Visitor: 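The structure is given below, and queries will be raised subsequently.
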There are 2 protein chains.
Amino acid sequence: MPPSPDSSPDVKARKPTLRTVADATGFAVTTVSRALSDDPRIAKSTRETVAAAARKLGYVPDRAARRLRTGRTQVLTVLLNAEHEFLGFTAELLNGLSDALRGTGYSVTIVADRIGEDRMEVVDTILRNRLADALFFTRTEAFDPRVRLLMETGFPFVSHGRTEFTTPHPWVDFDNTAFARAAVERLIARGRTRLSLILPEDRFTFTQHLRYGFVSACREAGIAHEIEPRVTLDSPAAEIAEAVRRRRRSADPPDGYVCVGEVAALSTLSALADTGGRPGVDADLVAKRASPIFDMIRPRIDTVFEDIRATGSTMAELALRRLDGEDPAALTRLFSPSCDWQQG
Amino acid sequence: MPPSPDSSPDVKARKPTLRTVADATGFAVTTVSRALSDDPRIAKSTRETVAAAARKLGYVPDRAARRLRTGRTQVLTVLLNAEHEFLGFTAELLNGLSDALRGTGYSVTIVADRIGEDRMEVVDTILRNRLADALFFTRTEAFDPRVRLLMETGFPFVSHGRTEFTTPHPWVDFDNTAFARAAVERLIARGRTRLSLILPEDRFTFTQHLRYGFVSACREAGIAHEIEPRVTLDSPAAEIAEAVRRRRRSADPPDGYVCVGEVAALSTLSALADTGGRPGVDADLVAKRASPIFDMIRPRIDTVFEDIRATGSTMAELALRRLDGEDPAALTRLFSPSCDWQQG
DNA sequence: TAAACCAGTTGTAACGTTTCACAATTCGCG
DNA sequence: CGCGAATTGTGAAACGTTACAACTGGTTTA
């Protein structure tokens with residue numbers, strides 16, 4: 001076949017546009033656009049014809065054009081923390097999110113949210129330049145300035161963790177109070193008499209939930225308890241371990257530890273080992289976990305599972321429903337702890 | 001001041017565009033566009049005036065408009081694996097990437113790359129719909145079909161891991177051969193006489209590098225060695241542990257384990273514990289690690305550190321240079337192991 | 001019989017940017 | 001002085017989409 005550089009329509013396999021579909025079906029571009037969005041003003045038969053042609057041609061709407069025209073970005077952004085109490089938190093959350101979002105046309109972008117820097121700056125930039133349709137973030141504070149700003153401007157978001165604002169907003173959370181209570185009850189059932197807890201930094205909402213669950217459960221049972229004053233969950237693992245070691249060597253050390261996450265649990269275990277304590281004998285632990293890592297730790301310890309992947313996909317689902325105009329007050333979800341006690 | 005709904009220019013604080021800057025400076029939109037991209041055709045003084053005005057007005061180019069016009073998305077996409085041999089791999093890599101990309105105007109999007117599904121489909125979609133300017137992925141195979149397709153179409157990418165294609169392409173890798181050799185040498189130095197290794201699946205390039213380093217170092221030293229045949233690094237942790245346990249109970253079990261990653265190391269440790277073996281006494285381990293988790297494991301074991309965050313930022317850097325038109329052959333980087341041997 | 005209505009469809013404009021082709025000025029230099 | 005070339009700038013078009021207003025032709029309504 002001789003080359004026909006100009007006459008042949010498929011000289012360069014250009015990406016099909018609405019124009020392509022319009023030419024193929026004989027309808028106008030506007031009609032095609034409407035047909036593809038299932039606009040009831042377009043006859044059913046037309047919609048079907050157009051849909052079939054679009055499928056055959058492999059038409060996919062151009063994101064840039066749509067975004068320019070509508071202002072909607074089709075992008076959901078996650079504020080990414082460098083550190084977390086769980087190993088594998090980020091991977092699980094992101095996988096949950098993108099699982100729930102596949103096939104929806106939305107894509108997930110991440111932006112680093114460095115501790116110690118201005119956490120608001122990145123949010124500001126996203127709002128000002130309309131870089132996303134909605135925002136996800138974790139480690140929510142009681143009066144989180146991000147939540148305040150987003151609510152003021154009406155920008156959609158789903159937080160991991162509740163706030164204490166009176167205006168409702170979408171969130172997904174884990175029942176940390178129930179976790180702390182369950183952990184305390186388990187340690188008491190194993191005969192422990194002096195319980196210890198290491199908390200995250202005070203500003204996070206879930207810190208208060210943990211504290212409340214721990215303290216109230218201990219008080220109700222009339223059992224001795226303490227909250228480690230020198231370190232937080234965000235302290236370097238070495239410092240956490242050192243704090244536990246020091247306390248172990250002082251008078252009347254705890255014999256039951258509630259550990260909020262894997263780093264704390266492993267640090268506590270190492271401190272126990274370093275001071276000659278045997279887990280299960282001299283002290284017991286209950287740890288919140290998000291990964292299967294504790295299956296490989298010997299001796300086995302009691303754990304409570306927080307499903308971060310489900311958290312991620314729920315956050316995505318709520319965001320979509322929020323973008324769909326649903327009432328934010330209805331878009332909340334509290335996950336309950338699922339306990340995994342060892343025998344004996 | 002009385003309200004002047006129509007005359008006042010700042011009735012609605014609309015996002016500044018090129019138009020805004022043009023009106024403010026008295027130049028034409030075209031001129032402003034050129035001035036902002038430092039086009040030499042525009043007088044130096046004009047460029048400065050325009051830049052100052054743009055800064056004052058808080059002008060930021062609209063991504064959608066630019067993308068529609070130029071076809072460039074300003075987006076770099078990471079193919080996200082659900083599983084990895086390291087705990088925290090994803091978080092570290094993504095943080096490295098976004099660290100290196102901050103301030104460049106590029107954003108990072110992630111897309112889940114489910115094992116067991118067609119790994120090419122997602123790449124196809126990204127290419128066909130021009131969803132990104134470049135791609136990052138991990139777990140590279142010797143003749144990785146993704147690499148093949150991307151090279152054929154000339155689409156920019158940086159792989160984590162080398163390939164065996166003759167055409168050069170940008171990659172970042174860790175010297176797994178050197179790691180395996182170092183691990184073998186260390187175990188021999190500790191008096192071990194029968195070494196064992198669990199490999200990732202055969203198709204990955206780094207599997208071959210590990211195998212080569214392990215086998216050749218053992219042969220050179222004339223030491224007994226074996227590669228666990230029943231499981232791979234991607235087997236469930238429970239299966240890995242079971243395989244190690246079974247081997248421990250059979251004749252002439254290994255006394256030195258090279259562990260490629262944290263999951264393998266912890267599984268091996270648990271299997272050792274379950275079969276009455278004491279690490280450091282009955283057997284030794286050398287583990288590759290990416291997180292500080294081994295600082296908390298007792299007894300302490302020898303580790304080799306792979307810096308995943310640096311890997312991420314290097315991948316980003318190479319991608320930018322590739323997009324800048326640099327020769328792909330020059331855009332490679334091999335990280336060397338850094339050993340962390342315990343005393344004694 | 002004309003006006004009003006309806007379902008179904010269409011043309012035009014606009015989103016904000018870059019780029020093409022050209023225009024207005026100034027300059028070098030014989 | 002005058003001509004071509006450089007310097008500096010401009011208007012218009014285009015990227016692909018959707019919103020808006022308007023147009024058809026047929027049917028109902030007053």
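So that the names make sense, note that chain A is the first sequence line, chain B the second, and so on, each numbered from 1. The structure presented is a predicted model; accordingly, all values stated were derived computationally and were not measured.
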Visitor: Is the shortest distance from a Lys or Arg side-chain nitrogen in A/D62 or A/R66 to a carboxylate oxygen in the other one below 4.0 Å?
Guide: no
Visitor: Do the side-chain N or O atoms of A/R66 get closer than 4.0 angstrom to the phosphate oxygens (OP1, OP2) of D/dT18?
Guide: yes
Visitor: Distance check needed: D/dT18 P versus A/R19 CZ, whole Å only.
Guide: 16 Å
Visitor: Which pairs, with at least one residue in residues 123-136 of chain B and sequence neighbours excluded, count as a side-chain hydrogen bond (donor to acceptor under 3.5 Å, both in side chains)?
Guide: B/T73-B/D133
Visitor: Tell me if a side-chain donor or acceptor on A/T205 pairs with a main-chain N or O of A/G161 at a distance below 3.5 Å.
Guide: no
Visitor: For the pair A/R63 (side chain) and A/Q74 (backbone), establish whether a donor and an acceptor sit closer than 3.5 Å, ignoring hydrogens and angles.
Guide: yes
Visitor: For B/T70, answer base if it contacts any base atom (sugar-phosphate contacts may also be present), sugar-phosphate if it contacts only those atoms, and nothing otherwise; contact means non-hydrogen atoms under 4.0 Å.
Guide: sugar-phosphate
Visitor: Report, one line per pair, each donor and acceptor closer than 3.5 Å where one atom sits in a side chain of residues 142-151 of chain A; sequence neighbours left out.
Guide:
from, atom 1, to, atom 2, distance (Å)
A/D144, OD1, A/R146, N, 2.9
A/D144, OD1, A/R146, NE, 2.9
A/D144, OD2, A/E141, N, 2.9
A/D144, OD2, A/R146, NE, 3.4
A/D144, OD2, A/R146, NH2, 2.7
A/R146, NH2, A/T138, O, 3.2
A/R146, NH2, A/R139, O, 3.3

Visitor: Can you tell me how far the CG atom of B/L68 sits from the CZ atom of A/R67, to the nearest 0.5 Å?
Guide: 11.5 Å
Visitor: Identify every side-chain donor-acceptor pair in residues 50-59 of chain B under 3.5 Å, counting partners at least two apart or on other chains, and give the distances.
Guide:
none

Visitor: Would you grab the first and last nucleotide of DNA chain C (5' to 3') that comes under 4.0 Å of any non-hydrogen atom in chain A?
Guide: C/dG8 to C/dG16
Visitor: Give me the residues of residues 34-50 of chain A where at least one heavy atom lies under 4.0 Å from an atom of DNA chain C, by number, or none.
Guide: A/R34, A/R41, A/I42, A/A43, A/T46
Visitor: What salt bridge (charged side-chain N to carboxylate O under 4.0 Å, His left out) pairs are there with at least one residue in residues 24-43 of chain A, not counting sequence neighbours?
Guide: A/R34-A/D39, A/D38-A/R47, A/D39-A/R41
Visitor: Give me the atom names and distance for the closest heavy-atom approach of B/R309 to A/A82.
Guide: NH2-CB, 4.0 Å
Visitor: How would you list, by chain and number, every residue that makes a salt bridge (Lys or Arg N to Asp or Glu O under 4.0 Å) with B/R72, sequence neighbours excluded?
Guide: none
Visitor: Mind running a 4.0 Å heavy-atom check of residues 51-62 of chain A against DNA chain C and sending the residues that fall below it, in number order?
Guide: none
Visitor: At a heavy-atom distance below 4.0 Å, what parts of residues 22-32 of chain A sit against DNA chain D?
Guide: A/V29, A/T30
Visitor: Under a 4.5 Å cut-off applied to non-hydrogen side-chain atoms, are B/L323 and B/Y106 in contact?
Guide: yes
Visitor: Ignoring hydrogens and angles, tell me if any N or O in the side chain of A/D324 forms a donor-acceptor pair with the backbone of A/E326 under 3.5 Å.
Guide: no
Visitor: Quick one: salt bridge (charged side-chain N to carboxylate O under 4.0 Å, His left out) pairs with a partner in residues 154-170 of chain B, sequence neighbours left out?
Guide: B/R162-B/D173
Visitor: For the helix from C/dT1-D/dA30 to C/dG30-D/dC1, what is the angle between the axes at its two ends, each from 5 pairs, rounded to 10°?
Guide: 60°
Visitor: Between B/L101 and B/L76, is any pair of side-chain heavy atoms under 4.5 Å apart?
Guide: yes
Visitor: What pairs with B/F157 under ring pair (Phe, Tyr, Trp, His ring centres under 6.0 Å), at least two apart in sequence or on another chain?
Guide: B/F137, B/H169
